[in-house]
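Okay, structure first, notes after.
In what follows, chains carry the letters A, B, and so on, assigned in the order in which the sequence lines appear, proteins first and then strands, with residues in each chain numbered from 1. Everything numeric here is computed off the predicted structure, so don't read it as measured data.
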Amino acid sequence: MKLRPVRPEVDFPALEARVLEHWDSTDAFQKSVEQRPEEDRFVFYDGPPFATGLPHYGHFVASVLKDIVPRYWAMKGKRVERRWGWDCHGLPVENETQKELGLASKADIDELGIERFNEACRGIVLRYTGEWRQSIRRLGRWVDHDRGYKTMDADFMESVWWVFSRLWEDGRIYEGYRVQPVSPALGTPLSNFEVAQGPQERDPVTKKDGHKRRQDPSLTVRFKLEDEDASLWAWTTTPWTLPSNLALAVNPTVEYVRFKVSETGEVAYAEPSRLADYQARGRVGETEELGRLPGAELVGRRYRPLLPYFEQYAEGEGDARRAFFVVSADYVETSSGTGIVHQAPAFGEDDFQTGKENGLPLVNPLSLTGHFGPDVPDFEGQFAKDADKGIIAHLRAAGSVVDQDTYVHPYPHCYRTGTPLLYMALSTWFMEVEPMRDELVSNNQKTHWVPEAVGTGRFGNWLASARDWNLSRNRFWGTPLPIWRCDEDPSDMVCVSSREQLEELCGLEKGAVTDLHRDRIDHLTFPSTKTAGGTMRRVPEVFDCWFESGSMPYAEHHYPFENRELVEQNLPADFIAEGLDQTRGWFYTLTVLSTALFGRPAFKNVIVNGIVLAEDGEKMSKSKRNFPDPSIVLEKLGADALRIYLASSPVVNAKSLRFAEDGVREQVRSVLLPLWNAYSFLTRYADVDGWEPDGTAPSTEVNELDAWVLSRLQTLLADVEDRMARYELFRVVPALLEFIDDLTNWYIRRSRRRFWRGASDAHAEDKGNAYRTLYHVLLTLSKVLAPFVPFITEEIHGNLSDGGRESVHLEDYPVADSSLQDAGLERRMGLARIAVSLGRGLRAKHDVRIRQPLPSMTVVMADAEDRASLERMAEIVRDELNVKELRVSSEEADFVSYSARPNLKVLGPRYGKNLGAIRQEIEGLSGEQLGAVVAGGSVQSTAVEGLEYDAGTLLVDRASREGTVVDTLDGVTVALDVTLDDGLRLEGLARELVNRIQGLRKEQELDLDDRIEVQVGCDGMLAEALRTHWALIADEVLATGAAPDASSSPIGGKDFDVDGMSASIEIARV
RNA sequence: GGGCCUGUAGCUCAGCUGGUUAGAGCGUUCGCCUGAUAAGCGAGAGGUCAGUGGUUCGAGUCCACUCAGGCCCA
């Protein structure tokens, strides 16, 4: 099979478009999955994104990871199913729908009807799937969209019900209360996410961003103690919560003062520094201190209800009291107020907790729209904030107001209506997580995290202090909670676990329930079996959509209704990859549900990616336009470049990345083009030579360069395997880069001539082996790189593979062959490259260019083995540096001077404080003494007893001896003999002529194998060089015929200056 | 307010359990080379390792605090 010759110029995006079509037309992805055995799976879970927005770089990062890793394992022989998933439910969708339908509040939705609302949600939820599909395809990600799952599918939802019913049976579900932010204008609780979206403002004092600021009343109220003619002063900015006051909180460890107000004679309690603050602001007059006591001594004291609405709760069982006493709370601070805090358990998180701890009742006279109900008849029908005025007036009249002022503070506002939010305790459904903490933590320890610190730190800590999970939402578009409750007895409940069960309960025929959304099932009722005459009705809540995505491992396969075995075998997943922001999201919900249901971790390996920022270090923002459109980057530079840019960036190690288009371009230059050019080199010369792959493996015996690059290739394979096994993608790409550099800038560079030489002569075997080696390396490399840059490798593989599979992605991943690894050879080549590098530096110092042959170079090394090694590399070094002879010497002292430093790693722990003296002594060691150490001897220390300076305790540095032109690096010292005789000079001039003629060839865009006729007009030494070295020149520039007559200048010749002599040269293709 | 992460050259980042003169790539300056390459080679400039204090013979690395940025939670 002949290789198609390939030009070095390449249009990667166009190439990628062709490859995409090839994949589509050959069903490459399907084949790559199906050709692997079903028993040997690599399980991948795909975290579902919302389709309500377009994909951005963050999704691309995750997608690149989700493609590279599965492709790799597929090539390693695993069956890797990749099913796409869509997160369809939840608030983002509802918000979008509300916006489009112009529905401001929950009431509006109720009015419209859930059915129509949900229909609208269903209509927009898949709006951008087409764009997603196209972007993901363009990125080269292989994933099955057609068999993908959607969290709104009835099968998926039914599995979610099953998951929930298992938790219900296990007694992990309970109904409770939770203080939540409520938008009274919308009449609905908001998620924290929505709260954070509310209006923001910078605080003028602290300069920190926060909630929009608001002016509220600042009211200080007196609560009359029952056992003493004295009062407790408490402060609030929410007078509307005072009707619901049930306790006062003090900090038990803070000291309080009992004092008398001089003007009125009132006796009261407050925290002393707070009292002083009131006085400083002139709100309270003179006082007389009567005594001090710790807060703990106030705890338990009873006071009279400030307002009468809930005074029935004063009475507890027996002598006890249910409410209206002082409680202890650590959170009470003394930076504001009076140090005594009014408690309304329904209206604050802290209050709620304190209430729970002290057995306080939970009273909430407000509706979701923030209006007082009949419990507070004086203000019934009034909006809470509007009632402030009336309440204050009422209290003032009753003589309960100590002070009234205003207070400006940051306060959360509704993100949609801009009105201030109210916090209130609402009934919700919880899953018990706290008792599972230990198990969660131990399951997490079975998971391999990349980077490790996320698992042990961030995620581990979160699990260790996990709280019960509030998994219900008072919304419409979601999977409904499958709880049916009796309208007569609220404790009579049934948890439904399947469609079939619901049909049976409701007396419907089998298959009647096809959709589980609220609009399809809320009306379904059935009679209670426990409560006579009771009717079972579904509770109104839907699931937190995280519960649904966390159920994905089961629900995507409609477990346990179908695929029982498959799902149970698929647990835990081998691999998932998501962003750092999923710590409390998907990572968490997967772990909690898997632990609760199966007692297993949900995933074995996880790569956590960081956040992609714009080039300016800020968040990418559509309005700021601070980042380039992903699709334009893909069209300009290609997906391979973008993939490798992302995969080698810190973002795959959970760090943030400043996205720079130039960074992507850099990948084209440093990875793709060199690879392409190596490939182009092979195909073009193979074409010229008529070489074809013959199925013969390259030999390591013919030429050390071949053995070397094959050895390097095995090292690369081993490194990649190791790093992929650890999921450390960010460490793979640098290894690839290093190899590509070795291949192009050393192997091919050093081997070029092997490809040019005529095949008929003694070099035939060497030439054939060079082809075979380069071919083998490139073909192997196309497989190694395939998961990372799937397009360019497909193209290369398609041309090179002979009898191979129709896609590189169907190949088996190459495995390192340790018999081809030769550490000694790699070491030798390393030494040669150091020597060459030093030699090049010396040429520059001497100002002698490479084209000028030099008589000799001397390399000095102390180590005998190294010297022998380098001698074996003499030809390569001579050729690369254009020197006639390579001398290897051990006589370092002739060229370098020694200096020494203490080897602190050895001496530090042993001689700690003596280091000063040691350092001084070492500085004073003579060249002879150091020479002795270098030679393997030792020198007795006089400063420190028992210390010997030798190769272990000293680090000897070499420097060029003054007056010599040498250079030294890593123990290799190089000196160059630059004396020239006429012979060398002539040869140098001949090479100059070659250089000029090659320039003309290039200028005239001749093909690699075009033969030329050369005419040169010149005189003196140049003419002599032309005559003497014509054979060499002709061979180099593919000239035909005898040496030109230098005395006649060509008519159309181009004039050159060669070392101060002039030459006129003309070439013509023959 | 709490948890976690980040701060090293103009830019992007390495720097393992503390150890010697803090590295790489890109960019930049000068020079070289080019018979695959948009490349390559050589030399140079560029750093108070965010700051302060501490532990230690020795701190970019460990500890404490501060500052700045980020993610998540409240």
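Across all strands, A:Asn995 comes closer than 4.0 Å only to sugar-phosphate atoms, never to a base (heavy-atom distances). Nucleic acid contact for A:Gly663: none, since no nucleic acid atom lies under 4.0 Å from a heavy atom of the residue. No engagement by A:Val836 is indicated, since no non-hydrogen atom pair under 4.0 Å with the nucleic acid exists. Residue A:Leu1038 is in base contact, counting any heavy-atom pair closer than 4.0 Å across all strands shown. Counting any heavy atom pair closer than 4.0 Å across all strands shown, A:Ala678 reaches a base atom. Using a 4.0 Å heavy-atom distance criterion, A:Thr744 is classed as a base contact. Heavy atoms of A:Arg1001 sit nowhere under 4.0 angstrom from any nucleic acid atom. Counting any heavy atom pair closer than 4.0 Å across all strands shown, A:Arg840 reaches sugar-phosphate atoms only and no base atom. Across all strands, A:Asp741 comes closer than 4.0 Å to no nucleic acid atom at all (heavy-atom distances). The residue A:Leu737 sits apart from the nucleic acid: no heavy atom pair falls under 4.0 Å.
In this structure, A:Pro650 and A:Ile1033 both approach RNA chain B, and ranking their closest nucleotides by distance from the 5' end singles out A:Pro650. Nearer to the 5' terminus of RNA chain B, by closest-nucleotide assignment, is the contact made by A:Glu666 (compared with the other of A:Val994 and A:Glu666).
For the P atom pair drawn from B:rC11 and B:rU55, the interatomic distance equals 34 Å after rounding to whole Å. Look at the C1' atom in both B:rG3 and B:rC26: the space between them is 36 Å, to the nearest Å. Across the C1' atoms, B:rU6 and B:rA45 are found 29 Å apart, a figure rounded to whole Å.
Residue A:Lys655 places at least one side-chain N or O closer than 4.0 Å to OP1 or OP2 of B:rA14. A close approach under 4.0 Å does occur between a side-chain nitrogen or oxygen of A:Arg851 and OP1 or OP2 of B:rU34. Taking 4.0 angstrom as the limit, A:Arg669 places a side-chain polar atom (N or O) nearer than this to OP1 or OP2 of B:rG27.
In terms of modelled atom types and a separation under 3.5 Å, the side chain of A:Arg1011 and the main chain of A:Thr1040 share no donor-acceptor contact.
The interatomic distance linking A:Asn745 (CG) with B:rA39 (P) rounds to 12 Å, in whole Å.
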